[in-house]
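Quick note on labels: first sequence line is chain A, next is B, and so on, each numbered from 1. Atom set for the values below is all heavy atoms of this structure, side chains included, hydrogens, waters and symmetry mates excluded.
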Number of protein chains: 2
Amino acid sequence: MSSTVAKALSLLDYFSEAEPEIGLSELARRSGVDKATVHRMLVVMCNYGLLEKRGDARLYRLGAGVLRLARVRETAFPVTSVFQQVLEVLSAELGETAHASLVSGRALATIGVSESNRGSRVSLMAGEILPMHSTASGLVVMAFSNGELVDRVLSEPLAAKTSRTITDTSILRARLQEVALTGYAESDQTNEDDVYGIAMPVFDSDGTTTGAIAVATPAHRMTNDLRQQVIAALFREAEKLNYSLGGRPPAAFRTAASRYRPD
Amino acid sequence: MSSTVAKALSLLDYFSEAEPEIGLSELARRSGVDKATVHRMLVVMCNYGLLEKRGDARLYRLGAGVLRLARVRETAFPVTSVFQQVLEVLSAELGETAHASLVSGRALATIGVSESNRGSRVSLMAGEILPMHSTASGLVVMAFSNGELVDRVLSEPLAAKTSRTITDTSILRARLQEVALTGYAESDQTNEDDVYGIAMPVFDSDGTTTGAIAVATPAHRMTNDLRQQVIAALFREAEKLNYSLGGRPPAAFRTAASRYRPD
DNA sequence: ACCATCGGTGATAATAATGAACCAACAGGA
DNA sequence: TCCTGTTGGTTCATTATTATCACCGATGGT
């Protein structure tokens, strides 16, 4: 945790769509690391293209290296385009915002968003980091992961993102049991006020949970009819995703899916 | 150079389209770093999502974090899609492979490729790292950069990629002078045998050189007619790129361009 | 002119990285 | 079966790297 590379890499997470350029002092203040230390790390990361400083201003931003790395990964294991298609189908059919995230360390990395075209809709930023414990996607990913990931997540204090966030580990473990039985997870304003999310897991070829697709609606709009509609659509699209990505859902999920919609 | 974060980040560059998954020992062998050290760094980078190990095998690969970071950068500063359009215009018009690279540390990161549809063509891998001293793109980027970048590149020994690669720093500095006058750079098999490249710089809003677009042909096919055709197309597309990306070419490049095609 | 803050630097004290040896597991071959 | 050479991963004493504080010049607002 206190390794230097960890500190250096954690700096990357402060760059977001909302704040794509940050200065040295600001970065030092947020990370709680000394200015001189941050500076040394920034220089190194600039040398490797992960960051770059705009010649003009003295601000740092994500560099061309991340574009290159993403391209390498995407050409070797193409996923984002496949996810994006599914998301657009979901948002078009349901009229609500759909998004996809992949397991990235001990959190989720949002790699795709398709917003609904309604005036009132859930809007989330591309590239956002989602916590595991307070989102439907996180719950469903943990529920179908080996205990190792769950332990890692629960070993740290769970931030109360809203007044409804589950911060008690034993209660959360019970929730995970339920989720594992149903095959999907729901989040009623546990990550953000007025946002209701429903998520379904996506798997790798060896049964590992790689991420999740989810539909998010304004909380007041989530009726039971819409719930059923969303869940059915998610089951259908998750199966398509697993098929086209070569994912093999584990037995636990298959039985949950068959329980929901018996053939 | 011997900082730990530098060593950790350098591990990322061993992952390529051709070899997207690498094991611990292999990575240690190539980087020349001790196995234990590499392992610690890999674990940290997995925790931050830059890497991930496939649950099945015990191989490491680029993680979902790089997809997220690329998305953050791309939504804040969209460039790849703009470049890609230009590349497709170039390859369609000229019938040869076009590619774009951005300055990434002390090298170039290829962020876009559009191959020609001819049977014989130059084929390069997306996400490839191009050296500064042996490619046309590198030459033109250095020629229009402040001396700082050039010094950094020339401070290290210049690898002889082919028998024609310029490895002498003073000769190369002279070449940069020439390139700065013409506004474009040519590379006759200095990076790869049988590949002839012509490159043109792309600039930032403050006149900094951000990267280059280039056309690569089999060396034997490069006639003087084709040369002129390529250069004219590159001048035109580079101007379009600078316009749509808000780039402001420095005076040196503007005079070079006007010298080539006086109004 | 002033004060605050910016990005950046350097020397010393303290921490974290290093690397050889070691382990268990697996694969292939004799 | 036994041997051998891999693999991924771990341990721990030594040591070299890193963090820290104070400082600097520049910038910008009052």
Is [X] salt-bridged to [Y], cutoff N-O under 4.0 Å?
X	Y	answer
A/Arg173	A/Asp151	yes
B/Glu26	B/Arg29	yes
B/Arg106	B/Glu156	yes
A/Glu192	A/Lys161	no

D/dG9 P sits how many Å from B/Leu42 CG, rounded?
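Whole-Å distance recorded here is 8 Å.
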
What's the CZ-C1' distance between A/Arg40 and D/dT18, to the nearest Å?
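It is 5 Å, rounded to the nearest whole Å.
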
Is there a donor-acceptor contact under 3.5 Å from the side chain of [X] to the main chain of [Y]?
X	Y	value
A/Asp204	A/Thr210	no
B/Arg248	B/Gly207	no
A/Gln84	A/Val113	yes

May I ask you to list the residues of residues 21-37 of chain B, by number, that have any heavy atom positioned under 4.0 Å from an atom of DNA chain C?
B/Asp34, B/Ala36, B/Thr37

If you count every heavy atom of other residues, nucleotides or ligands that lies below 6.0 Å from A/Arg30 atom CZ, does the total exceed 12?
yes

Is [X] near enough to [N] that one of its side-chain N or O atoms lies under 4.0 angstrom from OP1 or OP2?
X	N	result
B/Lys53	D/dG9	yes
B/Tyr60	D/dG9	yes
B/Arg58	D/dG9	no

Nucleotide range of DNA chain C lying under 4.0 Å from chain B heavy atoms:
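Nucleotide range in contact with chain B: C/dA17 to C/dA20.
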
Taking for each residue the nucleotide of DNA chain D bearing the nearest heavy atom, is the 5' side occupied by B/Val5 or by B/Val43?
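Upstream on the strand: B/Val43.
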
